[in-house]
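What follows is a set of notes on a single structure, which appears directly below.
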Amino acid sequence: MTDDAQAAAALVQAGCPRVVEAALALCALVLLSPVLGLAAFAIAVSSPGGVLFRQRRVGRSGRDFVLYKLRTMRGGASGPLVTAANDARVTRIGRLLRRTKLDELPELWNVVKGDMSLVGPRPEVPRYVDLDNPAWRLVLRARPGLTDPVTLRLRNEETLLAQVAGDREQFYLTKLQPFKLQGYAEYLRVRSWRADVTVLWQTCRVIVRPGRALPPTSEEIVASLARSVRGE
């Protein structure tokens, strides 16, 4: 291991044990199978195409894996990899699934398989990952997750992107993604199994009562990055 890799590893604290996460994810899949079944049926009868959405994401140590979600866009739809709230590719059922986060339930299988954790940085598509960036190298020391403090704050990410005038992908890569990486690194430095449990509890509360989330504005994101550059 190089000196840089050792330094990055030292900044990443362990969360819930892997065996506990896998067991919890498997139990959740079983308990939520009726919800998954109803959602899958709604997708199948409302728009042509498969029920599952599969996409390659970058996981721990930079290794790719296939992430599973419920399909929320029209079959065969193409376009930007970032999705705004007013994206015409998203179906009516898909909007409901995305708003309630039910489209992410199949990711529990990724947790069972070991591709992901319950809590951790959200996995990105390979196109948006720069392995030469020290921030990415640090974040990828951890297994990606279903949720984390940054994800909770950015629950309104699609609404935020819809408000961007101009190139949304450029805004994502130059402003929103660096904001995420900064938040991921801050959490990984202090995480523990207790902190992970707290994040899971907060996630459940936000899903039940979305108003509890306090999303940042685009101005706050830019200001946060500026403070980081100045070392504040």
Side-chain angles (χ1 to χ4, degrees), residues 21-22 24-59 64-128 143-148 150-152 154-163 168-169 172 176 180 200 203-213 215:
E21 288 196 320
L24 288 174
L26 187 58
C27 289
L29 274 174
V30 173
L31 292 173
L32 295 170
S33 57
V35 178
L36 273 168
L38 286 173
F41 177 76
I43 294 169
V45 300
S46 63
S47 64
V51 168
L52 283 179
F53 169 75
R54 300 172 179 84
Q55 188 179 56
R56 298 206 71 80
R57 298 290 180 100
V58 180
D64 287 4
F65 69 96
V66 177
L67 177 136
Y68 300 97
K69 286 188 176 186
L70 292 174
R71 179 174 61 84
T72 59
M73 293 187 178
R74 301 190 312 273
S78 60
L81 293 177
V82 295
T83 307
N86 56 359
D87 198 311
R89 297 173 296 174
V90 180
T91 65
R92 185 170 61 178
I93 293 296
R95 293 189 190 285
L96 174 63
L97 295 176
R98 295 175 82 95
R99 185 167 64 250
T100 58
K101 303 302 180 183
L102 291 176
D103 63 313
E104 297 184 6
L105 287 181
E107 292 176 41
L108 288 166
W109 181 241
N110 286 116
V111 177
V112 174
K113 290 176 58 184
D115 300 324
M116 297 175 62
S117 292
L118 292 176
V119 178
R122 288 295 296 167
E124 274 284 16
V125 294
R127 177 178 167 182
Y128 289 169
R143 190 179 281 111
L146 298 179
T147 185
D148 78 309
V150 178
T151 304
L152 288 176
L154 288 174
R155 182 180 169 84
N156 73 327
E157 181 176 331
E158 294 185 1
T159 301
L160 180 65
L161 288 169
Q163 298 169 353
R168 291 168 178 169
E169 186 174 48
Y172 181 84
L176 193 52
K180 288 183 176 184
L200 290 172
T203 300
C204 293
R205 294 176 67 191
V206 167
I207 290 174
V208 174
R209 298 182 62 183
R212 290 181 178 273

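- Considering CG of L32 and SG of C27, their distance stands at 10.5 Å, rounded to 0.5 Å.
- Summarising the geometry, atom CG belonging to L26 is positioned 7.5 Å from atom CH2 belonging to W109; distances are rounded to the nearest 0.5 Å.
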Problem set entry | Working for salt bridge (charged side-chain N to carboxylate O under 4.0 Å, His left out), residues R57 and E107 | CA-CA 12 Å; R57 298 290 180 100; E107 292 176 41; over 6 Å; no
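- Contact check for R74 versus T91: side-chain heavy atoms found under the 4.5 Å cut-off.
- In summary, R127 and E169 engage in a salt bridge, as defined by a charged side-chain N under 4.0 Å from a carboxylate O.
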For this session: Please report the C-alpha distance between Q55 and L81 in whole Å, then the side-chain angles of each, then the deciding distance to 0.1 Å, and finally whether the side chain to side chain contact (heavy atoms under 4.5 Å, CB included) criterion is met.
Result: CA-CA 11 Å; Q55 188 179 56; L81 293 177; 4.2 Å; yes
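- The shortest side-chain heavy-atom distance between L36 and L29 falls under the 4.5 Å cut-off.
- For the pair V58 and F65, the minimum side-chain heavy-atom distance is 4.5 Å or more.
- At distances below 3.5 Å, at least one donor-acceptor pair connects side-chain atoms of R143 with backbone N or O atoms of G114.
- A distance of 12.5 Å separates CD1 in I93 from CG in D103, rounded to the nearest 0.5 Å.
- Qualifying side chain to side chain donor-acceptor pair (under 3.5 Å) partners for R71, counting only residues two or more places apart in sequence or in other chains: S47.
- Put simply, the side chain of L176 reaches to within 4.5 Å of the side chain of L161, judged on heavy atoms.
- Between the side chain of E21 and the backbone N or O of L118 there is at least one donor-acceptor pair closer than 3.5 Å.
- Nearest approach of L97 to T100, heavy atoms of both residues: O-OG1, 3.3 Å.
- The shortest non-hydrogen separation linking A162 to A85 is CB-N, 3.9 Å.
- Counting heavy atoms from C-beta outward, T83 and R89 have side chains that approach closer than 4.5 Å.
- Counting only heavy atoms from C-beta outward, the side chains of R92 and S46 never approach each other to under 4.5 Å.
- The CD1 atom of I207 sits 8.5 Å away from the CG atom of L152 when rounded to the nearest 0.5 Å.
- Side chains of V111 and L146 form a contact here, defined as non-hydrogen atoms less than 4.5 Å apart.
- Side chain of R98 to backbone of E158: no donor-acceptor contact under 3.5 angstrom is found.
- The backbone N or O of G120 sits nowhere less than 3.5 Å from a side-chain atom of S117 that would complete a donor-acceptor pair.
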Problem set entry | CA sep, side-chain torsions, deciding dist, call: L70, E104, side chain to side chain contact (heavy atoms under 4.5 Å, CB included) | CA-CA 7 Å; L70 292 174; E104 297 184 6; over 6 Å; no
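- Taking CG of L154 as the reference point, atom CG of D148 lies at 9.0 Å (rounded to 0.5 Å).
- R122 has no carboxylate O lying under 4.0 Å from a charged side-chain N of E157, or vice versa, which leaves the two without a salt bridge.
- Atom CG of L200 sits about 13.5 Å away from atom CZ of R205, to the nearest 0.5 Å.
- The closest donor-acceptor contact from the side chain of N110 to the backbone of V66 lies under 3.5 Å.
- V90 is listed as a side-chain neighbour of R95, based on a closest heavy-atom distance under 4.5 Å.
- Not a single donor-acceptor pair under 3.5 Å links the side chain of N156 to the backbone N or O of T159.
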